[in-house]
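Let me begin by presenting the structure, written as structure tokens, before commenting on it.
Only a predicted model underlies this, so the values are computations on that prediction, with no experimental measurement involved. Computed over heavy atoms, backbone and side chain alike; hydrogens, waters and symmetry mates excluded.
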Amino acid sequence: MGLSSDVSSQPRRRKPAIAVVFAAFVLCAQLTAVASVHAAPMTERQKIDALLDDVESRNDLKFIRLGSVHSGGEAAQMLRIKLRFAGSRVKTANEFIEYIASATASGHPYLVVYPDGRQVSSAIFLRAELKRLTQASAPPKTSR
């Protein structure tokens, strides 16, 4: 009688195999999601958003507009406002660079200043970033 009462009073333990199987399932689902994200080419809107996010995150750079120095966050905010005003007239990342992110409406170019003091036009900077982004999101090439 003591044996049966001892067994029933102990809490039931879950088998660790279930936890391992569940963890493996979650890991496979995450890897599949990551692989599918990298396999699909970016849409033009995703490219524009990625460029804006890149500008916003660049704390090492200074952005110059009409002679005033701006942080990446300030520059991205201004570009988002200009993009909103442009509406559907800007459809591609290249149009975004050319018509929104290269110069003021009066034609004064935007500049990017690197930590070493080197200055480039924002168009050159953004085209290089766009190339980097699209190469990173492109599916790997297979050899024949």
Side-chain angles (χ1 to χ4, degrees), residues 5-144:
S5 65
D6 289 340
V7 172
S8 64
S9 66
Q10 293 179 355
R12 291 189 80 185
R13 294 185 189 178
R14 290 193 169 182
K15 296 182 180 180
I18 293 173
V20 171
V21 169
F22 180 72
F25 173 77
V26 169
L27 179 62
C28 287
Q30 289 173 339
L31 291 174
T32 301
V34 168
S36 66
V37 166
H38 289 294
M42 296 172 75
T43 66
E44 291 299 317
R45 184 60 204 207
Q46 288 171 327
K47 291 175 189 176
I48 293 169
D49 289 340
L51 288 171
L52 287 165
D53 291 344
D54 189 55
V55 167
E56 187 171 41
S57 70
R58 297 299 299 265
N59 296 326
D60 58 328
L61 302 177
K62 295 176 185 169
F63 297 85
I64 300 181
R65 176 180 177 264
L66 297 173
S68 297
V69 178
H70 300 277
S71 69
E74 293 167 335
Q77 181 181 11
M78 185 268 309
L79 293 173
R80 284 185 176 105
I81 291 168
K82 283 183 71 176
L83 180 61
R84 204 171 314 127
F85 279 114
S88 63
R89 292 175 292 186
V90 173
K91 294 176 178 55
T92 68
N94 283 317
E95 289 174 347
F96 168 74
I97 293 169
E98 185 174 344
Y99 301 120
I100 302 294
S102 293
T104 64
S106 60
H108 291 90
Y110 297 143
L111 300 173
V112 177
V113 182
Y114 288 87
D116 64 4
R118 180 175 48 109
Q119 290 186 9
V120 297
S121 73
S122 62
I124 290 172
F125 169 76
L126 289 169
R127 288 194 197 291
E129 290 301 302
L130 180 59
K131 183 177 181 181
R132 182 185 61 78
L133 289 167
T134 54
Q135 286 176 344
S137 71
K141 294 181 181 179
T142 57
S143 58
R144 292 192 143 165

Using the test side-chain hydrogen bond (donor to acceptor under 3.5 Å, both in side chains), find all partners of [X] that sit at least two apart in sequence or belong to another chain.
X	result
Arg65	none
Gln77	none
Asp60	Arg58
Ser121	none

Quick one: list whatever passes salt bridge (Lys or Arg N to Asp or Glu O under 4.0 Å) with Lys47, sequence neighbours left out. Glu44
Among residues at least two apart in sequence or on other chains, which ones pass salt bridge (Lys or Arg N to Asp or Glu O under 4.0 Å) with Arg80? Asp53, Glu56
Minimum heavy-atom distance [X]-[Y], with the two atoms named:
X	Y	result
Glu74	Val69	OE1-O, 4.4 Å
Ala93	Leu51	CB-CD1, 4.4 Å
Ala50	Leu133	CB-CD1, 3.7 Å
Ile100	Ala86	CD1-CB, 3.7 Å
Pro41	Gln46	O-OE1, 4.2 Å

What pairs of residues pass the salt bridge (charged side-chain N to carboxylate O under 4.0 Å, His left out) test when at least one of them lies in residues 87-115, not counting sequence neighbours? none
Do [X] and [Y] touch side chain to side chain, with heavy atoms closer than 4.5 Å?
X	Y	result
Leu79	Leu83	no
Ile97	Ser102	yes
Lys131	Gln135	yes

Side-chain donor-acceptor pairs under 3.5 Å in residues 108-119, sequence neighbours left out?
{"from": "His108", "atom 1": "ND1", "to": "Ser106", "atom 2": "OG", "distance (Å)": "2.9"}
{"from": "Tyr110", "atom 1": "OH", "to": "Lys82", "atom 2": "NZ", "distance (Å)": "3.0"}
{"from": "Asp116", "atom 1": "OD1", "to": "Arg118", "atom 2": "N", "distance (Å)": "2.9"}

Taking only residues two or more places apart in sequence, or in another chain, which ones meet Ser57 in a side-chain contact (heavy atoms from CB on, under 4.5 Å)? Asp54
